[in-house]
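Please read through the structure below; I'll follow up with questions.
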Amino acid sequence: VLLVESGGGLVQTGGSLGLSCEASGSGRTFSTYTMAWFRQAPGKEREIVAAIAWTGSTNYGDSVKGRFAISRDNAKNTVYLEMNSLKPEDTAVYYCNANWVDPWGTPSDYWGQGTQVTVSS
């Protein structure tokens, strides 16, 4: 699966930014993947930001709850991340992730190349 992120950039504190991730090249239906956004700041471990299951249910990291929203458009093979009330601590490289579990419980993970989000104070 090829994941291509777009939409990163520079924004001021309190601003908003939207990310997109388009998937291609999979023999499996996009809607069967759990899609997620992770981020990694310099010197820190990669952390999950938000996830959306094939059912549409969502989960968020504690630091972004109430500010970020994840959504998906299965017809477009695309997952989105809407980021509001951005803070300097949101500065990181944001990665798109696709996860699929086969009938035997074996997971497969795919990653995008990452897109930089920088929030200036």
Side-chain angles (χ1 to χ4, degrees):
V1 177
L2 177 64
L3 301 174
V4 179
E5 301 107 333
S6 60
L10 175 65
V11 64
Q12 292 185 334
T13 296
S16 299
L17 204 60
L19 304 181
S20 300
C21 171
E22 183 175 1
S24 62
S26 173
R28 306 182 189 108
T29 304
F30 174 77
S31 62
T32 62
Y33 287 88
T34 292
M35 300 299 298
W37 289 95
F38 287 73
R39 68 186 181 186
Q40 188 166 19
K44 295 187 177 181
E45 293 187 355
R46 189 171 297 190
E47 64 173 355
I48 189 164
V49 175
I52 183 166
W54 66 273
T55 58
S57 65
T58 58
N59 279 292
Y60 296 91
D62 288 341
S63 63
V64 306
K65 283 180 181 177
R67 299 188 298 122
F68 290 13
I70 189 171
S71 61
R72 67 192 298 165
D73 186 336
N74 292 329
K76 295 182 178 180
N77 290 355
T78 300
V79 63
Y80 306 94
L81 184 68
E82 185 65 31
M83 303 182 290
N84 299 306
S85 301
L86 282 160
K87 306 174 182 179
E89 49 264 44
D90 294 318
T91 295
V93 177
Y94 283 70
Y95 296 91
C96 179
N97 170 267
N99 176 268
W100 188 82
V101 180
D102 72 15
W104 298 272
T106 302
S108 296
D109 272 296
Y110 305 92
W111 295 91
Q113 81 285 356
T115 185
Q116 177 70 46
V117 172
T118 302
V119 184
S120 63
S121 57

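Keep in mind that this is a model prediction, so the values were computed, not measured.
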Minimum-distance pair of heavy atoms, taken over all atoms of Tyr33 and Ala98: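 Closest heavy-atom pair between Tyr33 and Ala98: CD2-CB, 3.9 Å.
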Heavy-atom pair of closest approach, residues Ser31 and Arg72: CA-NH2, 3.7 Å
Atom pair OG1 (Thr32) and CG (Asp102), whose distance is rounded to the nearest 0.5 Å: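 The OG1 atom of Thr32 sits 11.5 Å away from the CG atom of Asp102.
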Spatial distance of atom CD1 (Ile52) from atom OG1 (Thr58) [nearest 0.5 Å]: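 Interatomic distance, Ile52 CD1 to Thr58 OG1, rounded to 0.5 Å: 6.5 Å.
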Test item: Thr115 side-chain N/O and Tyr94 main-chain N/O as donor-acceptor pair under 3.5 Å: no
Ser120 backbone acceptor or donor facing Thr13 side chain under 3.5 Å: yes
Arg28 side chain vs Val1 backbone, donor-acceptor pair below 3.5 Å: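 Such a contact is absent between Arg28 side chain and Val1 backbone.
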Side-chain donor/acceptor of Glu5 to backbone N/O of Gln113, under 3.5 Å: yes
Cluster overlap Val49 with Val119, hydrophobic side-chain contacts below 4.5 Å: yes
Check: Trp111 ring centroid to Phe38 ring centroid under 6.0 Å: yes
Acceptor/donor pairs from residues 60-69 side chains to any protein atom, 3.5 angstrom cut, sequence neighbours excluded:
{"residue": "Tyr60", "atom": "OH", "partner": "Ile70", "partner atom": "N", "Å": "2.9"}
{"residue": "Asp62", "atom": "OD1", "partner": "Lys65", "partner atom": "NZ", "Å": "3.2"}
{"residue": "Ser63", "atom": "OG", "partner": "Arg39", "partner atom": "NH2", "Å": "3.1"}
{"residue": "Arg67", "atom": "NH1", "partner": "Ser85", "partner atom": "O", "Å": "2.9"}
{"residue": "Arg67", "atom": "NH1", "partner": "Asp90", "partner atom": "OD2", "Å": "2.8"}
{"residue": "Arg67", "atom": "NH2", "partner": "Ser63", "partner atom": "O", "Å": "2.8"}
{"residue": "Arg67", "atom": "NH2", "partner": "Asp90", "partner atom": "OD1", "Å": "3.0"}
{"residue": "Arg67", "atom": "NH2", "partner": "Asp90", "partner atom": "OD2", "Å": "3.4"}

CH2-OG1 distance between Trp100 and Thr34, expressed to the nearest 0.5 angstrom: 11.5 Å
Leu86-Leu81 co-clustered via ILVMFWY side chain contacts under 4.5 Å: yes
Pairs satisfying disulfide (SG to SG under 2.5 Å), at least one member in residues 1-100, at least two apart: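 For residues 1-100, and leaving out neighbouring residues, the disulfide (SG to SG under 2.5 Å) pairs sorted by first residue read Cys21-Cys96.
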Interatomic distance, Leu19 atom CG to Trp37 atom CH2 [nearest 0.5 angstrom]: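 Rounded to the nearest 0.5 Å, the CG-CH2 separation comes to 4.5 Å.
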Shortest non-hydrogen separation from Ala92 to Ala41 and the atoms involved: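 Minimum heavy-atom contact is CB-N, 3.8 Å.
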Connected via hydrophobic side-chain network under 4.5 Å: Tyr110 and Tyr95: no
Interatomic distance, Glu22 atom CD to Leu2 atom CG [nearest 0.5 angstrom]: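 Here the interatomic distance stands at 9.0 Å.
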Nearest non-hydrogen partners of Ser20 and Thr78, listed with the distance: CB-CG2, 4.4 Å
Gap between atom CG of Asn97 and atom CD1 of Ile48 - 0.5 Å precision: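 Rounded to the nearest 0.5 Å, the CD1-CG separation comes out at 7.5 Å.
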